[in-house]
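These notes concern the structure reproduced below.
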Amino acid sequence: MSESRTLITDSVNRLFADRIDRALLERFEAGEWLASLWNQVAQSGFDQVLCLEGASADWLDAQSVLRAIGYYRVPLPLAESIVARWLIARAGLDIEEGPLTIAQCDAKMTLRIDGNELILSGSLPRVAWARHAKRIVFSGECAGRAVIGVLNPSGATGIRLENDVSIAAEPRDTVVCEGARCESFALAATLGAKAVHQYGALARAAAMGGAIESVLDQAVQYANDRVQFGRPIGKFQAVQHLLAELGSESAAATAAITGACEKAGAPHAVMAIASAKVRAGEAAKHAARIAHQVHGAIGFTYEHTLHFATRRLWAWRNEFGNDAHWARELGAAIIVAGGGQFWANLTAR
Amino acid sequence: MANLFIPSCELPPSCDVLRAEVRAFLAATIGHLAPRDRARSWMGFDADFSRKLGARGWIGLTWPKKYGGHERSFLERYVVMEELLAAGAPVAAHWIADRQSGPLLLRFGTEAMRTTVVPRIARGEAFFCIGMSEPDSGSDLASVRSRAERVPEGWRVNGRKIWTSKAHRAHFMIALLRTSKSEENRHAGLSQFLVDLSLPGLSIRPIRDLTGQESFNEVLFDNLILPADSLIGSEGEGWSQVTTELAFERSGPERYLSSIELLIQMINAASPDNERQAVAIGKLAAEAMTLRRMSLGVAGMLDRGEHPGIVAALVKDLGTTFEQRIPEIATEAFDMELGASGSALAEVAGQTLQSSVSFSLRGGTREVLRGIIARGLGLR
């Protein structure tokens, strides 16, 4: 690991380990916006991890921060801000400081250029943290060309938010646009019209990797502490085998995510991202199942902290494309290439 | 959890050249091989192919030149192995000798073994089998009872080994035998021996597996006399030596690539517009990409002299699960009758499904591996 990455990893872990506990998560779930936590994150520059000037930060550095979001269950639009700031930097745009979010325009959204302005009509469904975001960075297609654009949800006319939350209590607000004027936009041929969908998926996968590690650590700790039949339940082979499976799933998710982060930004990254989202989703399914089984009834209570990680896993698994969506994308591309190409492509650099 | 971490491994550019050479060789030598033969994977036996591979210098790649090896890197060896497996090359004849017997002899064997036997392995001429399991010793390997006693001529061996893959076509066995009875520590008193399978006092009885093939055997030792210099390493050190050997046995890419021919046939038979098939193949491909990365990561650790212990067990567990999922998913996503002649997919699926139940048994059962992983997680 590079020195700068170790520095980022250590400082992000230290901040969240110090600041995030059950009391804070309960305040968040009661509807509070954690402004002081955001300010600390922003002061440390974690939302800008992919666009630090002069530094050669890459997605492997971002992976450290995204993992921490999952591991410590960070109740902020930090993953979204990291992706948004990376996209606008790559598109040559600029946004002032503050929390951001990302949205993907689907086929039903109309993007129209009027003079030198881009105008949106339609809805952006379930945009993460939209109510707390200073700007929404979106990708989409306008007249056959890929664009990255910026919306100001509180400053523009023709924008309305319909607030909702995920099962992990994170804001997921539908942004209804009726002739909404974008603050800025740029053509983004290299990033592509689905950049938010793809890099949102990578960000969710990377955060899932951290949340899986969190439930693994909690379940191993619990199995060593909890005594039944006169010994820690971790001494029972049935429990050991469940936890071994959870450990393997965690390692597999991390490997897939790291592979995608190494390729991120390159033209063919989408296959590695698809693989990471599918593999992390599969691992999340097993991790949540096993961790709850090992914890027994106490893990099913609101009082215990396990659910702060498992509810996020369940929610994140289905965001920015579920397992089946990404498996279909990956599978269709592989079928078109043909069986004879499978191994060659798998081993290509 | 830190001890689950597998560092990324990037192959050096020299591997690209080697990979291209291996692919060209495979196209020329086994380009004609039928899918059902490729599907036998590393159980396919072809002594002639092994000799050709030896002649190319692709057996004993990492071994010292003075013992017939080629002094190339562990990662170069990894590339050759994965290319052979991906192509379904018939590597069974030399596979065990190259993977574990040769390295064991180089590390613990006598100088005579290193100078006479090891170069024959590297030439693809000496084939090995593994003498570990016995009728009453499967997962509990330390309970082996076959014994070797010192006699004036050397060692007298009595007992039985079982599930010995390819013993009927191999030249040598490395046998784990009891050389003394220890009351308090059952890991003590075990030793390893180089056994020439042509000696009198030894009989080999093939056992048919459920597919009808004779791939493994029972080997009986009836007052077999081994020369005094047949002992490998130190008397009584067999347990620690065999543990080292198992690390070689468990960590390679053959633990996730055994069903790869079926996945290739599924891709060929699928339609990109068939959602069920595309999703099924996409999920398997995601797993293949992940496992290749993990397997390569373990190879990188071995290359740097690190001990992958827990992650090697973990990659084998995930890998064999993947190898078993491929035929399960093939039967769910494709409408076919298993084994139907004339359909490459159905023939390969029928064969792979039947063989696949053994994948989580050979080289350490899933349950044994999960015990190792659990200990690595800090349970016990």
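Order of the sequence lines sets the chain letters (A, B, ...), proteins ahead of strands, with each chain counted from 1. In what follows, every heavy atom counts, from backbone to side chain, and hydrogens, waters and symmetry copies are set aside.
Contacts between A333(A) and chain B at a heavy-atom distance below 4.5 Å are absent for every atom of the residue. Residue R276(B) does not touch chain A at all, counting heavy-atom pairs closer than 4.5 Å. Contact of L257(B) with chain A is made through the side chain alone, with heavy-atom distances under 4.5 Å. Contact of S271(B) with chain A is made through the backbone alone, with heavy-atom distances under 4.5 Å. Contact annotation for V220(A): both backbone and side-chain heavy atoms come within less than 4.5 Å of a heavy atom of chain B. Within the 4.5 angstrom heavy-atom criterion, only side-chain atoms of R349(A), from C-beta onward, approach chain B. Within the 4.5 angstrom heavy-atom criterion, atoms from both the backbone and the side chain of L4(B) approach chain A. Of the atoms belonging to Q240(A), heavy atoms from both backbone and side chain fall under 4.5 Å from chain B. Neither the backbone nor the side chain of T254(A) has a heavy atom closer than 4.5 Å to any heavy atom of chain B. Both the backbone and the side chain of L11(B) come within less than 4.5 Å of a heavy atom of chain A.
In this structure, E245(A) pairs ionically with R289(A), as a charged nitrogen and a carboxylate oxygen lie closer than 4.0 Å. Using a 4.0 Å cut-off between a side-chain N of Lys or Arg and a carboxylate O of Asp or Glu, D58(A) and R5(A) qualify as a salt bridge. Between R370(B) and E367(B) no salt bridge is recorded (no basic side-chain N to carboxylate O distance below 4.0 Å). Under the 4.0 Å criterion applied to side-chain N and carboxylate O atoms, D323(A) and R317(A) are assigned as salt-bridge partners. Taking a cutoff of 4.0 Å between a charged side-chain nitrogen and a carboxylate oxygen, E249(A) and R279(A) qualify as a salt bridge.
Around atom CD of E319(A), more than 12 heavy atoms belonging to other residues, nucleotides or ligands sit under 6.0 Å away. Surrounding NZ of K235(A) are at most 12 heavy atoms belonging to other residues, nucleotides or ligands under 6.0 Å away. The 12-atom threshold is not exceeded at CD of Q237(A), counting heavy atoms of other residues, nucleotides or ligands nearer than 6.0 Å.
For the set E82(B), R293(B), E287(B), E83(B), the entry with the most heavy-atom pairs within less than 4.5 Å of chain A is R293(B). The greatest number of non-hydrogen atom pairs below 4.5 Å with chain B, out of G259(A), G281(A), A324(A), is found for G259(A). Between chain A and the options I281(B), T290(B), I310(B), heavy-atom pairs under 4.5 Å are most frequent for T290(B). With chain A as the partner, the residue from M266(B), R23(B), Q265(B) showing the most heavy-atom pairs under 4.5 Å is R23(B). When each of P272(B), A288(B), A374(B) is scored by its heavy-atom pairs under 4.5 Å with chain A, the top score falls to P272(B). Listed options V278(A), N224(A), L242(A), V239(A) were ranked by heavy-atom pairs under 4.5 angstrom with chain B; first place goes to N224(A). Among E213(A), E282(A), E329(A), E262(A), the residue with the largest count of heavy-atom pairs under 4.5 Å with chain B is E262(A). When each of G338(A), A276(A), A252(A), G234(A) is checked for heavy-atom pairs under 4.5 Å with chain B, A252(A) comes out on top.
Listed here is the closest heavy atom pair of V311(B) and F5(B): CG1-O, 4.3 Å. The two residues W326(A) and G321(A) make their nearest non-hydrogen contact at CD1-O, 3.3 Å.
Within the model, atoms CG of L216(A) and CD1 of I290(A) stand 9.5 Å from one another, a figure rounded to the nearest 0.5 Å.
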